[in-house]
Amino acid sequence: MLAFIIRRLLQAIVVMLTVALIAFTLFRFVGDPVNMMVGIETTAEERAQLRQDLGLNDPIVIQFARFVGNSARLNFGNSYQFKTPVIDLIADRFPATMELAFASALLSLLVGIPMGVYTALHRRSWLSNIFLAASLIGISLPTFLIGILLIFLFPVTLGILPSFGRGEVVRIGFWTTGLLTASGLKALVLPAITLGLFQMTLIMRLVRGEMLEVLRTDYIKFARARGLTDRAVNFGHALKNTLVPVMTIAGLQLGSIIAFALITESVFQWPGMGLLFLKAVQNVDIPIMSAYLLLVAFIFVTINLIVDLLYAVVDPRIRIDARPA
Amino acid sequence: MKLRTIIFALAAAAVSALPASAATLRFAFQGEFKSLDPYSLNESFTLGMLGNVYEGLTKRDKDLKIIPGLAERWEQVEPTRWRFYLRKGVKFHNGEDFTADDVVFSAERSFNQASDIKSRIQPAGTKAVKVDDHTVDFILPSPNPILHYEWDTWYIMSKKWAETNNSAAVQPATGTQMSYAALHTNGTGPFIITEHQAGVKTVFKKNPNWWGKPEHNIDEAIFTTISNDATRVAALLSGDVDFIDPVPLQDVQRINASGVAQVLQGPELRTIFLGFDQMRPELKYSNVKGKNPFKDVRVRKAFYLAIDEKAIADKVMRGAAVPSALMISPLLFDLAKDFKRPEPDPAQAKKLLAEAGYPNGFEVEMDCPNDRYVNDEAICQAVTAMLARAGIKINLNAQPKSKYFAKVLQSGGYDTSFFLLGWTPGSFDSWNVLANMYRCRDEKGVGGNMNLGGYCNQKVEVLTEKILVEPDKAKRDQMIKEAYTIGQEQDVAFVPLHQQALAWGISKKVKLAQRADNQILLYWFHKD
């Protein structure tokens, strides 16, 4: 088990270094950072001095090592636009993205699983058909369109729920939360639906498929033969066995929810990291871009690692496979 | 149960404690409000926002006329010595007195390496000298009759506050230390920033100790960025915000028809125009080899005549643009009415091209931003179609502003043959236009730095220098007119297109004053 964990950790480090290399390349080759920092009136000597100060005259390998070293210590430099440290900006935006992502993930599970179960159990009912048709919309409509449609339906036409932003937030230590105020909770509804809709339909279809498969297996037939109630068979036996792959997918999807929150964030002006990144791209704010890339990579790697480890705990076969030959 | 009762009681008390007249204004802009350091970004939105908090020695009124600000009055003791008499009894938000030391300090800080407003105090080498606590002299190396024209956005900072908070220098992008002044303010203005989350939310509170007489009734103003056009309009229509800037042109009618809000449109100061590379011996991006067609004034004139600006203003801009004959808004130059745009004449354009040796036209690449000005890419497409009728084939290269500016400006080596650009003179004066765009430059950009095409005429050059030092307004205006007659009417250095319109979306509850420089000044807002 220990060897397995160590191997996974080493792999994670390789992934992080690769992403760091990409981020660094961005930093170096998207354009001359000096040109982006100085004004038109800056003289050639001042530019040269700045190049020296920034360490741009050192060999590339040393620059990369320094970049990795700084990043490991969470020092990403100052944002070109805001003139403040990138790490502060990201720390400021991190809670907003996290709350949105977890709310969406929770929503997609709480709605997606029951819908999946229902459509599997009542395959021919009209409600199932409606669910399935609706799920097609969820999968095929682009996120920003769903967001804009929701905005025009709820805040503009019906006059309920706020159209943008995060509402009032409460600061608890370094974390800001919108979950403790009424306006914060209200503001969360539409973005969470927008962001979670795709995952929700995905989970619903996954649960339905798995459920249909499990319902055909022998032990379900046997359970029915034992005279167990439908309820016990469907939920006690069938659903339980369906949930293993669902949890895996949901866990992995959490990473992409965080990473792809940026579209939802831009539609609802949600003050999260995605919005920060999007603006940074428009303004060629490389320190923010590379920090965001590294952070998202880190989140992905961490989630994958946890899922892998949980697998190993849940499924002994993987542990055996992982043993060095 | 008991706890809940207490909480309710407290909440009720809090609600009833609010004064009945308390007006909270919520407003949204498409861009972000970034650094609070008033010297770190020379951009009209940021400077306008900070103009609610900080003040300059001068201010500008609703019609952009210069009025006294922190200086009660000023005089030219001699052409190279100006004396400013400072307002007494003014206090910074932290309670410190405003004195001559702060003005001298602010002048020095504006010259700082990382300052983006280095050119506020012109010409270079001008010194601020304290005479007594409430008098400051500015000693100029050479006369400048418009010394104070841009001072409404050269904001005075407190010397003591900046120095104690380690902010005497402007925050450079390279530093690793957090700049205090980029996150905090301490001005003399009618509003105080109590909360600032860069790029997210900023809260302004009324300054009860402001020296002036408030014309607004805003106690608290909450600013948010909403960059998505549809979301911004929805926020206004649903009443989540009281004011938005800008309104996308296609939503103007819908907002006006909504009954809850309206659009206030007015001319803006920025002029949108086309420019030609007239400097290189051969165009970089064209099928004409061995010579540069744009060096021939007949070709430039043909381009001018081929473009139907009225159609652009009506169709592309949906009426939200005023065609312009000059490279400056008529609001900023009294004699602008003497200039008229020629009627579009494609036949004449073709004739001129034939005379110049291009009977079948030629091909040239056009650089165009696609996220900088209102409908910029659509304007370029219209221009492409109009020039095609005269036989000119344009290969349109429309890019995001970050890439576009990196290519066409000095930092990119003026790497363009034909381009669309916009310009607002920061001083609201023609000299800025002439000096930046009509003055000759060398390959490195020394001279008319924003003269991307490298237009050069010695007569305009001489006039520009004279205009800088001419103190008599009537004479000066005549000289400016002469410079435009040569540079624009005769030489067609550029093809001016239009001044785009401002479009502010305003809730029916709000009344305000709209200034043509597009600054959002809360001290003229009134909310019912």
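Residue numbers begin at 1 in each chain, while the letters A, B, ... track the order of the sequences.
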Heavy-atom contact with chain A under 4.5 Å, split by part of B/Thr224 = side chain
For the pair A/Asp58 and A/Arg66, find out whether any cationic side-chain nitrogen is under 4.0 Å from an anionic carboxylate oxygen.
-> yes
So does A/Arg171 pair up with A/Asp92, basic N to acidic O under 4.0 Å?
-> yes
Given A/Arg166 and A/Thr176, is the side chain to side chain donor-acceptor pair (under 3.5 Å) satisfied, shown in steps?
-> CA-CA 11 Å; A/Arg166 214 182 153 200; A/Thr176 55; 3.1 Å; yes
Looking only at B/Lys34, B/Lys403, B/Lys401, most heavy-atom pairs under 4.5 Å shared with chain A are made by B/Lys34
Of B/Gly239, B/Ser227, B/Pro400, B/Ala230, the largest count of non-hydrogen pairs under 4.5 angstrom with chain A goes to B/Ser227
Relative to B/Tyr404, does B/Arg372 satisfy both conditions: NZ or CZ under 6.0 angstrom from the six-membered ring centre, and within 45 degrees of the ring's axis?
-> no
Would you call the rings of B/Phe29 and B/Phe45 parallel, tilted or perpendicular if under 30° counts as parallel and over 60° as perpendicular?
-> parallel
Greatest number of heavy atom pairs closer than 4.5 Å to chain A - which of B/Asn228, B/Asp240, B/Ile226, B/Leu36 | B/Ile226
Is atom CZ of B/Phe405 surrounded by more than 12 heavy atoms (other residues, nucleotides or ligands) closer than 6.0 Å?
-> yes
In terms of heavy-atom pairs under 4.5 Å with chain B, which of A/Phe152, A/Phe154, A/Phe268 leads?
-> A/Phe152
What residue, out of B/Lys444, B/Lys201, B/Arg232, B/Gln197, has the most heavy-atom pairs lying under 4.5 Å from chain A?
-> B/Gln197
Of the backbone (N, CA, C, O) and the side chain (C-beta and beyond), which part of B/Ser258 lies under 4.5 Å from a heavy atom of chain A, both, or neither?
-> neither
